[in-house]
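It should be emphasised that the depicted structure is a prediction, and the values quoted were computed from it without experimental measurement.
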Amino acid sequence: LPRTYRASPFGMHQQALIHYQRGEYRQALDLLQAVQRNAPEYAPAMLLTGLVHSRLGSPLQAENMLSRYLALNPSNIYARRELASVLVQLRQSTRALETVDPLLRSDQANASVYAIAGDIYAQLGQLGKAREWLQRASAASPNQPAILSWDAIMSARAGDLDRAIEKLENATSLSKAITESDGMLLAAYLYRKDADKALALVKELEADAPKDPRTHYFRGVVMLDLDKQEDAKKAFEKALGLMPTFIPAVETLVRMDLEAGASASARARYEAVLAVHKSNLEALLGLASLLGRTGDTTGAAATLERAASLHPSALEPRARLVDLYLRQGDKDKARASAQAAWTANPNHPAAMEMVGAVQLATGEVNTALNTFSSLVRTFPKSEKGHYAMGQAQLAAGRPKEAEASFRRALQLDAKLLPAQLKLVGLLMEQKRYDEALRFVRKLQKEDPKGPSGLTFEGEVLAAQDKWREAAAAFRRAPD
């Protein structure tokens, strides 16, 4: 092909697409980063970059790219489905549901969309709906690896790990390429303390995909589980030798460095990623977190500002800046960061929530109430919006309205722990102990293995001076 074609955004995108289809994600990303430098608004490259980041375990960067692409092409079914899947990884369940809902209400849904819907409802604690969508997915495509994987997740959540492993083994047998199923199966083996099977799986992947960084990352994970620190480190380093920006390996090595007291080495790992890819969002956020942890709040703020500048539509850098500036007592900078997030994301509930949270934290209670009122009107299915509204209503001395807001948040996401805490606390403050106990026992029924139900029960009983019953509840609560 002519050199001018190969060097054009279109030509580089086409070459990256070929690498992507072959599972050669590192080569694809190298080309796509060149496209971003020369033509940052080239939409096809945004989509493919988001897909590559998702496959390589960088969900924040994937979400940023896919959101930008979908804003330009809202009717693209594939992009909508992939963004919803990434939002599930980030546990942004309500936004994931809003993203996939147009597909579910159309004739454009397929087995993968049904499976994503099932996973979203499982995260929201609505297990009946989750099973319904996963059954539809399985009926539509019973032997698709992704469907089997999601089905396995449901089995694991139901406490049937053996059945989950059986489904994952079936899923991995359907493809020699590394998929999400391989990582899930490895995790299941390690959870069951079956290191032999975990190592056997890694050896299979090493034979099938020796140049994929995930292969060596998986070996490192197994070595860590076996407490073979040096072998683990070598495997993670090998993954980075194949792909210097492979964030899962970087973050694991950073944790190992910090545990060994080597903060300078940890910092150097993030800086090595940024030397190759200066706008890598995960590396910037990781470096900022590390700097803050080591007491360099000025450096942390500068790094977060850099991340926000390079990724103006990304919410995470702005959210961390708001938190940092509020802790420092710099109300003006916190307010400016929140407003910048909302300006860049006028249709994102989390951005509006950020503005209201700053207003509430700085004592502007009535202004915060107005902001959150607008939020829940515009985004009535935002569970965090209703929770934030309840917080503002409490601050305004309106507990009855706050209770209704917390209950609405829990209708949307039964597992929203902050709303559970606030509702139980409110009922206890008002000495409505019977209602509080009914609520916590409902939590126990919906999530028998969850810690919050029994812990809350103990607190409600203790508030009534029923110390023996409270102690028994606390003892039964999982660690």
With the threshold set at 4.0 Å, does a side-chain nitrogen-carboxylate oxygen contact exist between [X] and [Y]?
| X | Y | result |
| --- | --- | --- |
| D323 | R320 | no |
| R192 | D162 | yes |
| R398 | E403 | no |
| R95 | E63 | yes |
| D413 | K415 | no |
| K466 | E469 | no |

Side-chain contact, heavy-atom cut-off 4.5 Å: [X] with [Y]?
| X | Y | result |
| --- | --- | --- |
| L48 | M65 | no |
| L97 | K381 | no |
| L224 | M256 | yes |

Treating [X] as the side-chain partner and [Y] as the backbone partner, does any N or O pair qualify as donor plus acceptor under 3.5 Å?
| X | Y | result |
| --- | --- | --- |
| Q92 | V88 | no |
| S58 | S54 | no |
| T362 | Q359 | yes |

Carefully, step by step, assess H311 and S313 under the rule side-chain hydrogen bond (donor to acceptor under 3.5 Å, both in side chains).
CA-CA 6 Å; H311 301 276; S313 61; over 6 Å; no

Would the number of heavy atoms belonging to other residues, nucleotides or ligands and lying under 6.0 Å from OH of Y78 be above 12?
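Enclosed.
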
Can you tell me if CD on Q123 sees more than 12 non-hydrogen neighbours from other groups inside 6.0 Å?
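Yes - once you tally the heavy atoms of other residues, nucleotides and ligands closer than 6.0 Å, there are more than 12.
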
Decide whether a cation-pi geometry holds between R55 and Y25; the criteria are a distance under 6.0 Å from NZ or CZ to the six-membered ring centre and an angle within 45° of the ring axis.
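No - R55 does not lie over the ring of Y25 by the 6.0 Å and 45° rule.
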
Among T99, L66, V113, exactly one meets side-chain contact (heavy atoms from CB on, under 4.5 Å) together with R81. Which residue is that?
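With R81 as partner, side-chain contact (heavy atoms from CB on, under 4.5 Å) holds for just one option, V113.
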
Identify the residue among Q420, R441, M428 that makes a side-chain contact (heavy atoms from CB on, under 4.5 Å) with F456.
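Exactly one option meets the side-chain contact (heavy atoms from CB on, under 4.5 Å) with F456, and it is Q420.
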
side-chain contact (heavy atoms from CB on, under 4.5 Å) for N64 and Y69? Distances and angles first, verdict last.
CA-CA 9 Å; N64 187 36; Y69 178 84; over 6 Å; no

In terms of the angle between their ring planes, are Y217 and F246 parallel, tilted or perpendicular, with boundaries placed at 30° and 60°?
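Geometry flag for F246 against Y217: perpendicular rings.
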
So, E169 and Y189: side-chain donor and acceptor under 3.5 Å apart, yes or no?
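Present: a donor and an acceptor within the cut-off.
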
Could you walk me through whether Q229 and D227 pass the side-chain hydrogen bond (donor to acceptor under 3.5 Å, both in side chains) test, one step at a time?
CA-CA 6 Å; Q229 300 283 323; D227 201 26; 3.3 Å; yes

